[in-house]
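Structure, as structure tokens:
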Amino acid sequence: VADNRCWSCGGRCQSKQDLQSHLHPSVNTKDVKLLLDDEKYLNPFMQEDSLLYSFDGGEEDEDECNTSFEKEEIVKDFGSVCIDDDDTAEETELNAETYNKDKKTVMVCPNGHLSLASSSKRMTENGLDYGESARSVESDLKDKQSRVYIADVIGKDIKKVNDSYFGSYSSFGIHRDMISDKIRTDAYRQALLKNPSLLNGAVVMDVGCGTGILSLFAAQAGASRVISIEASEKMATVATQIAKDNGLWWSKTDSEGNKSCTGVIEVVNRMVEDLDKSIQIQPHSVDILVSEWMGYCLLYESMLSSVLFARDRWLKRGGAILPDTATIFVAGFGKGGTSLPFWENVYGFNMSYIGKEVVEDAAKFPIVDIINHHDLVTDAAVLQSFDLATMKPDEVDFTATAELEAKNDTLDHKATACYGVVLWFETGFTSRFCKEMPTVLSTSPYTPKTHWLQTILTFREPISVASSKFTAEGSAAVGTDACPASKIFLRISIARATQHRCIDISLETAGVGSDGQKRSWPVQMFNLT
């Protein structure tokens with residue numbers, strides 16, 4: 001975007017792979033070369049990203065997949081665009097009226113074309129070469145003018161997504177589901193009401209307050225002021241009325257004209273990033289920052305970035321953030337975690353043909369559903385942990401590895417099929433801040449279900465697993481019934497997608513047999529939308 005920050009991750013991209021994955025939908029990946037050739041868009045210390053490299057240590061995999069890009073328009077909103085690279089120059093018609101109406105300044109060459117050529121290209125008009133001067137002018141304008149238009153397109157798309165996102169939370173049904181989730185609501189209630197040394201007299205900020213339930217808990221616990229931030233206009237009005245109905249609303253007008261006003265909750269209808277436009281709060285003046293920001297797979301909806309923004313701007317040094325830890329877990333699931341058992345016996349009829357197709361389709365998309373812990377065929381492992389009090393905003397995107405071992409207690413040293421992996425999370429209200437009563441909110445298959453369920457990533461083909469005591473037969477490939485894997489190694493990346501508030505997940509899988517033989521499978525890409 002215009003200030004040389006990546007629009008997706010908020011910082012400078014660390015590699016060419018980052019830049020490719022962070023392209024906005026209005027930019028076609030076929031033309032990414034235009035940006036890749038200009039190294040100033042990237043971190044000067046960039047290194048090749050190993051994100052999508054497999055575990056096979058250089059061994060060739062017969063199932064290896066390749067990705068190719070075609071040539072199309074780079075910005076679909078442009079009218080007449082001249083795109084120059086070593087091999088191609090494509091044009092579409094320029095609609096000058098659109099640019100004048102929107103008052104956007106873009107670089108228009110004398111021939112009437114908008115040029116996004118790299119600085120090494122030459123600009124001509126009517127066959128005349130303008131050489132170095134044209135290159136210099138175009139290079140300067142490329143950094144300032146053409147990128148302003150792209151940033152504007154991106155900004156409009158983000159606003160559209162935000163409007164839809166916050167609008168969806170105007171449904172009371174969603175709030176009923178969340179409040180009715182006892183695992184969720186009781187964890188926050190306990191953290192706020194059972195830790196008096198933390199809450200008494202504290203200034204609390206509630207990011208994304210919704211109905212205001214967490215703000216009400218904070219006021220009930222003795223907070224001296226609660227700043228409740230809600231971007232949905234409807235829900236901000238609702239939260240205000242609820243605070244009034246419960247005698248907990250604070251109004252500047254009432255406090256000056258009515259000495260009987262004892263409320264502490266102030267509701268502000270803004271995104272937290274725009275809070276300064278509505279209310280003046282001294283930087284680092286908030287004692288406690290509370291938010292129920294978690295989405296599917298923990299990071300869906302990208303609300304954690306907003307919480308970290310509020311933390312860095314308003315939370316006191318050493319102030320409390322609730323929850324203060326978050327951990328993503330992963331485990332392998334078996335046939336019982338798929339729809340296959342249902343289709344194998346439908347009123348006595350075998351419809352497994354449908355089940356197989358459903359499982360194949362499931363390998364293309366993440367599924368949010370319940371996995372019974374009895375259907376897990378490996379032990380669970382920690383994939384990634386976050387310390388919300390200290391983490392940096394760009395650490396929301398990560399690549400992590402995990403090692404899964406076949407469960408000895410249920411497999412009896414026999415091979416069984418692992419059909420994919422399931423992700424869930426826990427958030428902690430630890431003794432660092434909740435000294436009297438720390439608590440944990442878990443979405444694990446081993447605990448009562450929550451409205452977050454679990455996130456399921458299905459393999460393209462099942463991997464046979466067994467304990468290390470299993471004796472392999474012959475020279476069969478790892479992951480087959482004859483040579484099941486005793487361990488499954490995973491490398492999983494989760495990052496904010498180019499579509500705002502969505503996340504991309506990449507899954508790399510490798511198996512190791514009891515004899516040390518290795519096998520890796522092609523990377524799988526999932527988009528949680």
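Everything numeric here is computed off the predicted structure, so don't read it as measured data.
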**Asked** Less than 4.0 Å between a side-chain N and a carboxylate O, is that true for D387 and R432?
**Response** yes
**Request:** Using side chain to side chain contact (heavy atoms under 4.5 Å, CB included) as the criterion, point out the one residue from L199, T439, L322 that pairs with C434.
**Result:** L322
**Prompt:** Using a distance-only test with no angle check, is there a side-chain donor-acceptor pair under 3.5 angstrom linking H451 and D181?
**Reply:** yes
**Message:** If you apply the rule salt bridge (charged side-chain N to carboxylate O under 4.0 Å, His left out), what do you find for R189 with D186, and how did you get there?
**Reply:** CA-CA 5 Å; R189 184 173 183 269; D186 283 351; 5.6 Å; no
**Message:** I need the single residue from T399, D504, D397 that forms a side-chain hydrogen bond (donor to acceptor under 3.5 Å, both in side chains) with S493. Which is it?
**Reply:** T399
**Request:** Quick one: sort the Y446 and W424 rings into parallel, tilted or perpendicular, breaks at 30° and 60°.
**Result:** perpendicular
**Request:** Taking the side chain as every heavy atom from C-beta outward, state whether V286 and V204 have any pair of such atoms under 4.5 Å apart.
**Result:** no
**Asked** Is the NZ or CZ atom of K234 positioned over F172's six-membered ring, under 6.0 angstrom from the centre and within 45° of the axis?
**Response** yes
**Prompt:** Quick one: are L441 and Y188 in side-chain contact, heavy atoms under 4.5 Å?
**Reply:** yes
**Prompt:** Under 3.5 Å, is there a donor-acceptor pair between the side chain of Y419 and the main chain of G332?
**Reply:** no
**Asked** Does any N or O in the side chain of T447 come within less than 3.5 Å of the main-chain N or O of T443, such that one atom is a donor and the other an acceptor?
**Response** no
**Complete:** In this structure, CZ of F459 is separated from CD of E360 (nearest 0.5 Å) by 16.0 Å
**Prompt:** Do side-chain atoms of Q499 reach the backbone of T529 as a donor and acceptor pair under 3.5 angstrom?
**Reply:** no
**Request:** Verify, without hydrogens or angle tests, whether E230 (side chain) and S232 (backbone) share a donor-acceptor contact under 3.5 angstrom.
**Result:** yes
**Prompt:** Between V267 and A236, what is the shortest heavy-atom contact and its length?
**Reply:** CG1-O, 3.5 Å
**Prompt:** How far does CD of Q454 sit from CD1 of I456, to the nearest 0.5 angstrom?
**Reply:** 7.0 Å
**Prompt:** Are W250 and I265 side-chain neighbours, meaning at least one heavy-atom pair lies under 4.5 Å?
**Reply:** no
**Prompt:** Which atom pair, heavy atoms only, marks the closest approach of A239 to G212?
**Reply:** CB-N, 4.3 Å
**Message:** If we count only N and O atoms by modelled type, under 3.5 Å, do the side chains of R491 and T401 hold a donor and an acceptor together?
**Reply:** no
**Item:** Heavy-atom donor-acceptor pair, T185 side chain to K182 backbone, under 3.5 Å
**Value:** no
**Asked** Side-chain contact, heavy-atom cut-off 4.5 Å: P445 with H374?
**Response** no
**Request:** Without swapping roles, check the side chain of D375 against the backbone of I371 for a donor-acceptor pair under 3.5 Å.
**Result:** no
**Asked** Distance from M178 atom CE to W452 atom CH2, nearest 0.5 Å?
**Response** 9.0 Å
**Prompt:** Taking it one step at a time, do L457 and L423 satisfy side chain to side chain contact (heavy atoms under 4.5 Å, CB included)?
**Reply:** CA-CA 8 Å; L457 308 178; L423 304 175; 4.1 Å; yes
**Request:** State, with a plain yes or no, whether a side-chain heavy atom of L275 is found less than 4.5 Å away from one of W314.
**Result:** yes
**Item:** side chain to side chain contact (heavy atoms under 4.5 Å, CB included) evaluation trace for V368 with L528
**Value:** CA-CA 9 Å; V368 177; L528 188 54; 4.2 Å; yes
**Asked** Would you find a donor on one side and an acceptor on the other, under 3.5 Å apart, between the side chain of R311 and the backbone of L388?
**Response** yes
**Message:** Under a 3.5 Å cutoff, is there a donor and acceptor pairing between the side chains of S215 and D206?
**Reply:** yes
**Request:** Nearest 0.5 Å please: distance from the CG atom of L214 over to the SG atom of C209.
**Result:** 8.5 Å
**Prompt:** Taking atom CD of E426 and atom CE of M294, what is their separation to the nearest 0.5 Å?
**Reply:** 11.0 Å
**Asked** When you look at D287 and L315, which way does the side chain to side chain contact (heavy atoms under 4.5 Å, CB included) test go after all the steps?
**Response** CA-CA 6 Å; D287 298 301; L315 189 64; over 6 Å; no
**Prompt:** Is it true that a side-chain atom of D379 and a backbone atom of K407 form a donor plus acceptor pair closer than 3.5 Å?
**Reply:** no
**Asked** What do the steps show when you test D245 against Q241 for side-chain hydrogen bond (donor to acceptor under 3.5 Å, both in side chains), and what is the final call?
**Response** CA-CA 6 Å; D245 292 345; Q241 188 59 51; 2.8 Å; yes
**Side-chain heavy-atom pair I492, S506 within 4.5 angstrom cut-off** = no
**Pairwise side-chain contact, V203 with S285, heavy-atom cut-off 4.5 Å (strictly under)** = no
**Message:** Taking CD in Q282 as the centre, count heavy atoms belonging to other residues, nucleotides or ligands within less than 6.0 Å. Is the count above 12?
**Reply:** no
**Message:** Pair E273, S306 - check side-chain hydrogen bond (donor to acceptor under 3.5 Å, both in side chains), show working.
**Reply:** CA-CA 7 Å; E273 291 84 355; S306 297; 2.6 Å; yes
**Request:** Kindly check if the number of other-residue, nucleotide or ligand heavy atoms within 6.0 Å of CZ (F433) is above 12?
**Result:** yes
**Message:** With no hydrogens and no angle check, just 3.5 Å: does a side-chain donor-acceptor pair link E508 and S520?
**Reply:** no
**Request:** Return the minimal non-hydrogen interatomic distance between V421 and L404, and the atom names on each side.
**Result:** CG1-CD1, 4.0 Å
**Message:** I'd like to know if the side chain of N246 and the backbone of I242 have a donor-acceptor N/O pair within less than 3.5 Å.
**Reply:** yes
**Item:** Derivation and outcome, salt bridge (charged side-chain N to carboxylate O under 4.0 Å, His left out), residues E403 and K487
**Value:** CA-CA 7 Å; E403 178 181 322; K487 294 181 180 180; 3.2 Å; yes
**Asked** Is there a side-chain contact between R184 and T450, using heavy atoms and a 4.5 Å cut-off?
**Response** no
**Item:** T327 and Q384 side chains, donor-acceptor separation under 3.5 Å
**Value:** no
**Message:** Donor-acceptor check, side chain of S291 to backbone of V207, threshold 3.5 angstrom: yes or no?
**Reply:** yes
**Request:** Might you work through the side chain to side chain contact (heavy atoms under 4.5 Å, CB included) test for F398 and L299, ending with a clear yes or no?
**Result:** CA-CA 11 Å; F398 69 89; L299 298 173; 3.8 Å; yes
